[in-house]
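Just so we're clear, the structure is a prediction, and the values are computed from it rather than from any experiment. One-based numbering, in listed order, for ligands and for the atoms of each.
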Amino acid sequence: MCTIVPMSNSRRKKIAVLTGGGDCPGLNAVIRAVAKTAILQHDWSVWGSEDSFEGFMGSGLEPMTLKSVQGILPRGGTILGTSNKGNPFKYPVQTEEGDYEFHDYSSRVISRFRQERFDALIVIGGDGTLTIGHQLMKRGIPVIGVPKTIDNDLLCTEQTFGFDTALHTATDAIDKIHTTAESHDRVMVVEVMGRNAGWIALEAGMAGGADVILIPEIPFEIEKVCRKIEDRSNSGNRFSVVVVAEGAAPRGGRQVYRHRPKDDPFGRLGGVSYSVADQIQGNLGMECRVLVLGHLQRGGSPSPFDRLLGTRFGWAAVRLVVEERFGRMVTLQCGQIRSCPLENAVAHQRLVGQDDDHLRTARSLGIAFGD
Ligand code: F6P
């Protein structure tokens, strides 16, 4: 276990902040709250690392001022840029043959951090980025984590920021699809994000009144999906709405990739909705249409909830730096801002459990999960 050298009290403190992994609405709210709290309350120097950890490995460390965070609260994305490919412990380098080799460049990040005499690093990210943060912490870097992701799949926090906005986007789309499905007596299949965790599909599906929800945690059988749609049709509802998470897979089958070149570790999921729609149309002879929401769910202005949560998280992250409680992630617990050890948060992903109350409620309302 490495020892973390306590911050000197005489020198003006200097902290760095970065955003890593896929972007989501609310990142700018966190950055703004970190910068404003650090500058206005403590007169610290705040630096942003561009494109996640890339800033520490190249020339992308920039000082931040109150001016740099002005007007960013309602803006989607991240003013710092982000990347979900630059893990410094396993940095991908493409060879001339087009394959990938992985290098450990973490010492570059660590020496740059020390050279610049930073007192703390605030890492805003999902499980991948926070795992990197935890690894850096074990190498002696004083890290504080802030949980972000539209997938809402982090442990120890009731909610990550970004999820609420994505839920609004997906629910709005399902509402709109509903009316056209009904007018044309069609089956509409809406594909939402969710690689391993089905929270967006489950909650947006419930909020939007979907008839079938397919999530990665529950392998589906297409016959059972068809039976539900047929039952509805026989009872006079000649349209149906199916919400499917991109990571959902048939029992005994595989997830559907849109793009997965050989040896490329960054395969992109996508397209399960087309396979589901084709099979429904083939089995039942009903007309089907597909909508893949994709990155629309990651964009746009954050909801008031995400702006507030991001702002509260940003403030709390600075508070943990003041208290020198490094190696922790800020959390939302019973509506209050708390914190937990980073290692607990990244132990595994928070998936939809069989006894989850959303799932049980949905089942009792007659929503089918294809199992
Ligand atoms: O982690 C968030 C997420 O939205 C996943 O649900 C999805 O699989 C992934 O990002 C897609 O990321 P990208 O296309 O940016 O690599």
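Heavy-atom contacts of Arg195 reach the following atoms of ligand 1: 6 (O), 8 (O) (cutoff under 4.0 Å). Counting atoms of ligand 1 from 1 in the listed order, those under 4.0 Å from a heavy atom of Ile150 are 4 (O). The Arg298 neighbourhood of ligand 1 comprises atoms 3 (C), 4 (O), 9 (C), 10 (O), 11 (C), 12 (O), 13 (P), 15 (O), with distances under 4.0 Å to a heavy atom of that residue.
In terms of polar-atom proximity, Gly194 is counted as a contact of ligand 1, with an N or O under 3.5 Å from an N or O of the ligand. The shortest N/O to N/O separation between Glu246 and ligand 1 falls below 3.5 Å.
A salt bridge links Asp23 with Arg298; the closest basic N to acidic carboxylate O contact falls under 4.0 Å. Of the charged side-chain nitrogens involved, none lies within less than 4.0 Å of a carboxylate oxygen, so that Arg195 and Asp151 do not count as a salt-bridged pair. The pair Asp211-Arg232 meets the salt-bridge criterion, with a side-chain N (NZ, NE, NH1 or NH2) lying under 4.0 Å from an Asp/Glu carboxylate O. Salt bridge Asp371/Arg363: present, at least one basic N to carboxylate O contact under 4.0 Å.
For atom 5 (C) of ligand 1, the nearest non-hydrogen atom of the protein is Asp151 OD2, 3.3 Å. Among protein heavy atoms, atom 4 (O) of ligand 1 sits closest to Met193 SD, 2.9 Å.
When only modelled atom types and interatomic distance are considered, Thr19 and Thr78 share a side-chain donor-acceptor pair under 3.5 Å. For the 3.5 Å distance criterion, the side chains of Ser183 and Thr180 fail to qualify, holding no donor opposite an acceptor.
Residue Asn84 places a heavy atom less than 4.0 Å from ligand 1. At least one heavy atom of His295 lies less than 4.0 angstrom from ligand 1.
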Kindly determine whether Ser83 and Asp51 satisfy side-chain hydrogen bond (donor to acceptor under 3.5 Å, both in side chains), including the steps that lead there.
CA-CA 5 Å; Ser83 165; Asp51 297 338; over 6 Å; no

